[in-house]
Visitor: 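Handing you a structure now.
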Number of protein chains: 2
Amino acid sequence: MATKGTEHAPLTPAVLHILLVLSTGERHGYGIMKQVEVDSQGKTKMGPGTLYGSIGRMMEAGLIRESDRRVDSQMDDERRVYYEITAVGQAALEAELRRYRRVVAVAEGRIAYGG
Amino acid sequence: MATKGTEHAPLTPAVLHILLVLSTGERHGYGIMKQVEVDSQGKTKMGPGTLYGSIGRMMEAGLIRESDRRVDSQMDDERRVYYEITAVGQAALEAELRRYRRVVAVAEGRIAYGG
DNA sequence: TTGACATGTATCCGTAACGGATATACTATC
DNA sequence: GATAGTATATCCGTTACGGATACATGTCAA
């Protein structure tokens, strides 16, 4: 489904969720995984395969990058690798959210929807 | 990304668009293709590979079925194959729309979004 | 003290989906 | 008679998904 306007759209649910988490600040992989569960009210679970696979592709695409910053060196785990969203990632996130809204708007003009 | 609650979620954009079109009544393949373009304001184009591939998978999953009805036998093209949404498809559509809304709601609590 | 569980990163690999290219055929229009 | 639109359909290379698996550390309870 070729989508015009943005070169990254449409994003996969996994990529969108990761961008959504990182829009609040840098996080490490495992933290992203847990936050996705919170964001989806426990309805969606991202396994390590999807997580690190997506992260790799997103870094290659320039949507995210590794971050130097450590939130708290005292409370920090040495193993952690932090990621942050890039300007490209922000743009892709906003474009995808516009697409989501458009879809919901179209649906609302059509079906009775108790949501 | 395992999603709990519905066995078909999350739907791919192609499948969601097809269900959205069929929620207004039966359509033939080519008509679906054209309506997706309208629904997305020309931003998304579905090629025949995605269309018929998705239709096949959706019929197998019981989301849609072939329809006997012809809207107008006078204006009809013999080649056309009409499809209609099933109860299972309706449920999957509504579940996916709830997911879409949830994502948008989460995003609204986070980033400035002009859309 | 050992067994289970959470944290943390990472790869492997079978399966599913995407999607452009291609094929075929009819109709209309220039 | 050539181009474009309508209409269905398959092929197949590439991408993405996602459970299984691996491995190391820390914690907490039986």
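Chain letters run A, B, ... following the sequence lines, proteins first, then strands; residues in each count from 1.
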Visitor: Using the 3.5 Å cut-off, write out each protein N or O paired with an N or O of nucleotides 21-25 of chain C and the distance between them.
Guide:
unit_1	atom_1	unit_2	atom_2	d
C:dA25	N3	B:Arg79	NH1	3.3

Visitor: What distance do A:Ile64 atom CD1 and A:Thr86 atom OG1 have between them, rounded to the nearest 0.5 Å?
Guide: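 Taking CD1 in A:Ile64 and OG1 in A:Thr86, the distance rounds to 8.5 Å.
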
Visitor: Could you list all the ring pair (Phe, Tyr, Trp, His ring centres under 6.0 Å) pairs where at least one residue sits in residues 36-68 of chain B, not counting sequence neighbours?
Guide: none

Visitor: Could you tell me how far apart A:Ile55 (CD1) and C:dG8 (P) are, to the nearest whole angstrom?
Guide: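 A:Ile55 atom CD1 is separated from C:dG8 atom P by 13 Å.
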
Visitor: When the nearest nucleotide of DNA chain D is assigned to A:Ser54 and to B:Tyr52 on a heavy-atom basis, which residue is associated with the more 5' position?
Guide: B:Tyr52

Visitor: Check the phosphate of D:dA16 against A:Arg57, side-chain N and O only, distance under 4.0 Å to OP1 or OP2. Yes or no?
Guide: yes

Visitor: Identify, with sequence neighbours excluded, every residue that meets salt bridge (Lys or Arg N to Asp or Glu O under 4.0 Å) alongside A:Glu66.
Guide: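 By the salt bridge (Lys or Arg N to Asp or Glu O under 4.0 Å) rule, A:Glu66 matches no residue at all.
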
Visitor: Name all residues meeting the side-chain contact (heavy atoms from CB on, under 4.5 Å) criterion together with B:Pro10; count only those two or more places apart in sequence or in a different chain, and write none if there are none.
Guide: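 Testing B:Pro10 for side-chain contact (heavy atoms from CB on, under 4.5 Å), a comparison that skips the adjacent residues, returns A:Pro13, B:Thr3, B:Glu96, B:Arg99.
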
Visitor: If you look only at distance, which donor and acceptor atoms sit under 3.5 Å apart when one is on a side chain in residues 53-61 of chain A and the other is two or more places apart or in another chain?
Guide:
unit_1	atom_1	unit_2	atom_2	d
A:Ser54	OG	A:Thr50	O	2.7
A:Arg57	NE	A:Gly53	O	3.4

Visitor: What residues form a side chain to side chain donor-acceptor pair (under 3.5 Å) with B:Arg102, not counting sequence neighbours?
Guide: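 For B:Arg102, no residue satisfies side chain to side chain donor-acceptor pair (under 3.5 Å) once neighbours in sequence are set aside.
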
Visitor: In this structure, how many angstroms lie between the C1' atom of D:dC17 and the NZ atom of A:Lys45, rounded?
Guide: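 Atom-to-atom, A:Lys45 to D:dC17, this comes out as 18 Å.
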
Visitor: At what distance, to the nearest 0.5 angstrom, does CZ of A:Arg65 lie from CD1 of A:Ile85?
Guide: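 Separation between the atoms: 10.0 Å.
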
Visitor: Excluding sequence neighbours, so at least two apart, what forms side chain to side chain donor-acceptor pair (under 3.5 Å) with A:Arg79?
Guide: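 Per chain and number, A:Arg79 pairs via side chain to side chain donor-acceptor pair (under 3.5 Å) with A:Asp77.
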
Visitor: Checking B:Tyr100 now: which residues fulfil ring-ring contact (aromatic ring centres under 6.0 Å, His included) with it, not counting sequence neighbours?
Guide: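 Once residues adjacent in sequence are excluded, the partners of B:Tyr100 under the ring-ring contact (aromatic ring centres under 6.0 Å, His included) criterion are A:Tyr100.
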
Visitor: Calculate the interatomic distance between A:Leu51 atom CG and D:dA20 atom P; express it in whole Å.
Guide: 17 Å

Visitor: Of the residues in residues 58-65 of chain B, which ones touch DNA chain D at a heavy-atom distance under 4.0 Å?
Guide: none

Visitor: Quick check on contacts: within residues 10-17 of chain B, what sits under 4.0 Å from DNA chain C by heavy-atom distance?
Guide: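 Contacting residues: B:Thr12, B:Ala14.
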
Visitor: Find the distance between CD (B:Gln35) and CD1 (B:Ile18) and round it off to the nearest 0.5 Å.
Guide: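 Interatomic distance, B:Gln35 CD to B:Ile18 CD1, rounded to 0.5 Å: 12.5 Å.
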
Visitor: For B:His28 and D:dT6, what is the distance between atoms NE2 and C1' respectively, to the nearest whole Å?
Guide: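 So the two atoms are 8 Å apart, to the nearest Å.
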
Visitor: Could you tell me how far apart A:Gln35 (CD) and C:dG8 (P) are, to the nearest whole angstrom?
Guide: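 Atom CD in A:Gln35 sits about 13 Å away from atom P in C:dG8.
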
Visitor: Not counting sequence neighbours, list each pair that qualifies as a ring pair (Phe, Tyr, Trp, His ring centres under 6.0 Å) and has a residue in residues 25-50 of chain B.
Guide: B:His28-B:Tyr82

Visitor: B:Ile32 has an atom CD1; how far is it from atom P of D:dT6, in whole Å?
Guide: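 So the two atoms are 15 Å apart, to the nearest Å.
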
Visitor: By the 4.0 Å heavy-atom rule, please label B:Gly29 as base, sugar-phosphate, or nothing.
Guide: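 Since only primed, P, OP1 and OP2 atoms lie under 4.0 Å of B:Gly29, the category is sugar-phosphate.
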
Visitor: In this structure, how many angstroms lie between the C1' atom of D:dA7 and the CE atom of B:Met46, rounded?
Guide: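 One finds 14 Å between C1' of D:dA7 and CE of B:Met46, rounded.
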
Visitor: Rounded to whole Å, how long is the line connecting atom CE of A:Met33 with atom P of D:dG19?
Guide: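 In whole Å, D:dG19 P lies 11 Å from A:Met33 CE.
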
